[in-house]
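Proteins get letters first, then strands, A, B, ... in listed order; numbering begins at 1 in each.
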Amino acid sequence: MNIQSGKGVRRNRSELFAQEEQSDSEENNVPPVTEVTPREEEQEQEHEQEQQDHRPMKKSRHNQYKSNRTEYEYALPEEQSKKSLLRNNKSTANTSWEVEQFNKASQLPLSNEDKIIENNADDYEFVFDETQFVNYDDPDILSGDEEQESLDLTSAFNNEIAELRKNLPVYNYRADFLTTLENNQVLIVVGETGSGKTTQLPQYLYEAGYSQNNLAIACTQPRRVAATSIAARVAYEMNVKLGHEVGYTIRFDDKSSKDTVIKYVTDGMLLREFLTDPQLSHYSAIMIDEAHERTISTEILLGLLKDIIVTRPQLKIIIASATINAEKFSQFFNNAPILNIPGRRFPVKIHYTKSPEANYIQAALTTIFQIHTTQPEGDILVFLTGQEEIETMEEALQDSIGKLGDQIEPMLVCSIYANMASEVQSKIFNKPPPGTRKVVLATNIAETSITIDGIKYVVDPGYVKQNKYNPATSMESLVVVPCSRASADQRAGRAGRVGPGKCFRLFTKWCFYNELDANPTPEILRTNLTSVILLLLSLGINDLLKFPFMDPPSKQSIIKSLELLYALGALNSKGKLTKTGQKMTEFPLDPILTKCILMSSKFGVTIQICCIIAMISESSNLFYRPKGKAELADARKAQLHHQLGDHFTLLNVWRTWKDYGYSKEWCRDCFINYKTLQRSKNVYDQLIRLCKKVGLIDSVQETRGDDEDRMIQKALLSGFFMNVCRLSRMGDGYVKLKGSTSGCFIHPSSALYKTKPKLVIYYELVLTSKEYMRCCSIVDDKLVREMAGHYYASKG
DNA sequence: TTGTGGTGT
């Protein structure tokens with residue numbers, strides 16, 4: 001293999017494909033079990049050579065693009081399309097859907113209608129001042145004379161599709177995979193997007209007999225939709241009914257049976273299974289997929305698995321990850337071997353700005369129009385940090401589009417973020433009318449959770465809004481920070497799903513390599529650990545400081561959690577789990593919330609507290625507030641407000657919704673997220689079930705005495721006794737009764753925002769533009785003395 | 001005067 005010359009070519013290129021950079025580092029750092037085949041290496045080189053050849057010509061045409069370009073066509077050679085159609089017909093049940101996606105891509109009906117007709121060059125002069133353009137380090141990238149290149153790329157990929165049809169990439173590694181796993185207990189698989197690992201590897205295990213003796217194969221996913229859709233796909237490939245041999249288990253939905261031999265589960269679900277079966281004795285093999293995402297559940301699973309492989313030498317562990325830090329997983333599992341499986345995706349050309357952009361919103365806006373006026377068809381995906389930014393950008397875009405009128409081709413702007421009414425959300429999946437370019441403004445949700453078809457251009461300002469928990473102040477902060485290199489590459493990859501794409505990074509190449517972290521901070525270092533610690537304790541792991549975390553959380557953060565668990569009565573003075581603590585582990589909730597439920601039966605308000613708790617963790621995205629209708633939404637919300645505060649407002653919402661027969665229309669009228677309420681109802685049903693199980697209640701008959709409100713306040717205080725704030729005499733700020741003294745404020749979304757009561761209890765403290773208390777209700781001194789006297793009696 | 005994204009028998 002001629003790696004040397006390949007590298008030489010790479011260094012000469014000013015622009016690199018993100019995915020190639022990744023495989024480069026793999027070759028350097030990781031001892032691969034299997035390497036890229038010589039054929040693929042050759043193809044890559046050819047392709048690179050081609051770009052080299054084009055470069056001088058492009059340079060000479062710099063700044064002349066307006067006069068040179070009037071019209072160009074984006075099409076595929078007819079024969080290629082036919083061939084892939086033919087292959088598609090021969091498809092077998094064993095081919096993964098990635099293949100279909102790629103074939104679909106090559107079959108796009110590109111007729112004359114799809115020609116991109118450029119406006120008269122003079123119009124641009126009027127509209128755009130070139131000196132205002134965002135300055136990218138390769139001045140030719142937006143000159144648009146690359147049709148030849150993209151044609152060749154497409155045909156190269158059509159050839160690759162031929163390979164794919166016969167064999168998925170992962171298939172070539174089937175034997176390697178099985179023999180390596182036979183000789184090793186743990187195997188790290190680096191499989192890029194399109195390798196087929198998630199659907200195929202569990203099937204290989206099944207075919208190799210790992211499901212004999214009543215044992216099953218589990219594969220974890222960080223997201224519910226992934227678990228369900230992949231299970232459905234694999235059931236289809238194996239020609240069995242979903243829920244029989246192949247199934248899935250996620251919270252509120254279990255499609256598995258005794259016959260299930262391949263089971264897809266959420267990582268949180270497998271973690272819960274440890275509680276009932278600490279050796280996971282039902283499984284012969286466990287695949288942790290998307291391990292690079294490092295969700296808390298995955299992280300804990302890895303630590304627990306490291307533990308049980310000692311006592312279960314027959315159990316096989318596969319860690320599947322898509323990024324370059326496979327080495328870290330390997331080291332964690334005593335230098336487990338690494339199997340590299342190349343992926344199949346279209347190349348994405350990365351462009352950086354020449355100098356840092358001071359205002360990335362402005363730069364993004366300009367870039368969108370640069371792409372729109374100079375690039376062939378294909379939709380644009382823009383990564384922004386939050387709802388507000390998206391709304392600002394949408395307004396600015398619509399404004400410009402309106403001013404430009406028919407001087408530019410039509411453009412359709414749509415947005416997506418998690419807290420958006422679901423009816424509006426689906427708009428982003430609609431195909432724009434022919435000749436119209438779709439611009440999708442998205443948060444991180446488009447990085448991993450949802451995939452939008454037709455994206456060819458990605459605009460990446462390089463920022464993300466991130467949550468960080470500070471155990472010392474028990475406050476979260478939600479701040480905009482630069483994203484990691486891994487995130488930036490993931491974003492870029494979104495442009496290469498249907499064909500070769502381009503990614504415009506609004507930062508410099510130097511910044512990418514020198515200022516961005518390689519990977520995002522693992523979630524476990526950013527969150528409140530209390531429930532995790534309780535889970536570990538209930539699994540009998542008492543020496544938490546010795547638990548094998550890949551990235552151990554700070555000692556302070558662990559100790560803070562232990563202190564809280566002790567204060568809640570979950571631990572005794574020796575650090576052992578109490579009966580209360582054992583009951584708490586039954587509930588899939590933060591221990592503070594569980595404490596409220598456990599105490600509620602004493603006050604006869606268990607049903608009410610379960611309603612409130614079921615809604616509280618989702619309360620931040622219960623109400624939505626569309627721009628333009630913000631005042632109406634506020635008014636509707638105000639009608640549901642309860643004078644005692646937000647906890648009571650939640651209960652009001654619940655009861656009213658119930659009175660309206662759990663109506664969807666009512667939700668829409670009140671600007672309430674129906675999906676959120678539905679999820680809360682599922683949680684509520686689960687909580688009631690658990691309350692019956694641990695003997696808190698024996699019926700769902702709600703008793704409502706005259707002192708109901710007071711009883712609810714007591715139950716809330718029994719868990720949230722440390723979250724009490726007093727209005728400061730100086731101004732409008734609040735100060736914690738005990739603990740940190742800096743001022744905080746009632747969140748503007750609160751029912752108490754204007755009331756400003758003397759004493760409030762809050763659910764959480766979040767630092768955004770200010771330190772805000774979210775979800776607040778009124779309490780009084782007498783209540784606090786009665787319910788939290790023990791906590792406030794000591795100094796502080 | 002306002003909330004990135006997930007998850008839990």
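Between the side chains of Ser487(A) and Glu447(A), at least one donor N or O sits under 3.5 Å from an acceptor N or O. There is a side-chain donor-acceptor pair under 3.5 Å between Asp289(A) and Thr198(A).
Atom CG of Asp277(A) has more than 12 neighbouring heavy atoms from other residues, nucleotides or ligands inside a 6.0 Å radius.
With hydrogens and angles left out, the side chain of Glu523(A) and the base of dG5(B) share a donor-acceptor pair within 3.5 Å. Judged by distance alone, with hydrogens and angles left aside, Asp267(A) brings no side-chain donor or acceptor close enough to the base of dT7(B) to form a pair under 3.5 Å. Taking 3.5 Å as the limit, the base of dT7(B) and the side chain of Arg224(A) contain no donor-acceptor pair of atoms between them.
Using a 4.0 Å heavy-atom cutoff across all strands shown, Ile445(A) reaches sugar-phosphate atoms only and no base atom. Nucleic acid contact for Gln686(A): sugar-phosphate only, since backbone atoms but no base atoms lie under 4.0 Å from a heavy atom of the residue. At a threshold of 4.0 angstrom between heavy atoms, the contacts of Leu589(A) include nucleobase atoms, whether or not backbone atoms are also involved. Thr249(A) comes within 4.0 angstrom of no nucleic acid atom, judged by non-hydrogen atoms across all strands. Counting non-hydrogen atoms under 4.0 angstrom, Phe252(A) reaches nothing in the nucleic acid. Within the 4.0 angstrom heavy-atom criterion, only backbone atoms of the sugar-phosphate kind lie near Arg223(A); the bases stay farther away. Across all strands, Ser297(A) comes closer than 4.0 Å to no nucleic acid atom at all (heavy-atom distances). At the heavy-atom level, Thr295(A) lies nowhere under 4.0 Å from the strands shown.
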What pairs of donor and acceptor atoms, side-chain ones from residues 683-694 of chain A against any protein atom, are under 3.5 angstrom apart with sequence neighbours left out?
unit_1	atom_1	unit_2	atom_2	d
Gln686(A)	OE1	Arg251(A)	NE	2.8
Gln686(A)	OE1	Arg251(A)	NH2	2.6
Lys693(A)	NZ	Glu586(A)	OE1	2.9

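In this structure, Arg505(A) is positioned above the aromatic face of Phe512(A), its NZ or CZ under 6.0 Å from the six-membered ring centre and within 45° of the axis. Cation-pi check for Arg491(A) over Phe383(A) is met; the charged atom lies under 6.0 angstrom from the ring centroid and within 45 degrees of its normal.
Straight-line distance from the OH atom of Tyr762(A) to the C1' atom of dG3(B): 17 Å, rounded to whole Å. Ile390(A) has its CD1 atom 17 Å from the P atom of dT2(B), to the nearest Å. As rounded to whole Å, 22 Å separates atom P of dT7(B) from atom CG of Leu534(A). A straight line from CD of Glu771(A) to P of dT2(B) spans 15 Å, rounded to a whole angstrom. Regarding Glu586(A), its CD atom lies at a distance of 17 Å from the P atom of dG8(B), rounded to whole Å. Rounded to whole angstrom, the span from the CG atom of Leu752(A) across to the C1' atom of dT2(B) amounts to 15 Å. For the pair Gln490(A) CD and dT4(B) P, the computed distance is 20 Å after rounding to whole Å. One can place CD of Glu391(A) at 12 Å from P of dG3(B), the figure rounded to the nearest angstrom.
Minimum atom distance to the side chain of Pro588(A) is reached by dG8(B), of the listed dG8(B), dG3(B), dG5(B). Nearest nucleotide to the side chain of His747(A), out of dG6(B), dG3(B), dG8(B): dG3(B). The side chain of Ser620(A) has dG3(B) as its nearest neighbour among dT7(B), dT2(B), dG3(B). Taking only side-chain atoms of Pro748(A), from C-beta outward, the nucleotide of dT4(B), dT1(B), dG8(B) with the closest atom is dT1(B). Out of dG6(B), dT4(B), dT2(B), the shortest distance to the side chain of Lys465(A) is found at dT4(B). Side-chain proximity of Ser449(A) to the nucleotides dT2(B), dG6(B), dT7(B) is greatest for dG6(B).
Put simply, Ser769(A) has a side-chain N or O that comes within less than 4.0 Å of OP1 or OP2 on dT2(B). Remark: Thr266(A) is not in phosphate contact with dT7(B), judged by side-chain N or O atoms under 4.0 Å from OP1 or OP2. Between Thr768(A) and dG3(B) there is a side-chain polar atom (N or O) within less than 4.0 angstrom of OP1 or OP2. Contact annotation: Tyr772(A) reaches the phosphate of dT2(B) (side-chain N/O to OP1 or OP2, under 4.0 Å).
Residues Ser617(A) and Gln387(A) both approach DNA chain B. Their nearest nucleotides, taken by heavy-atom distance, put Gln387(A) toward the 5′ side.
For Ser561(A) (side chain) and Ser557(A) (main-chain N/O), a donor-acceptor pair under 3.5 Å exists by modelled atom type.
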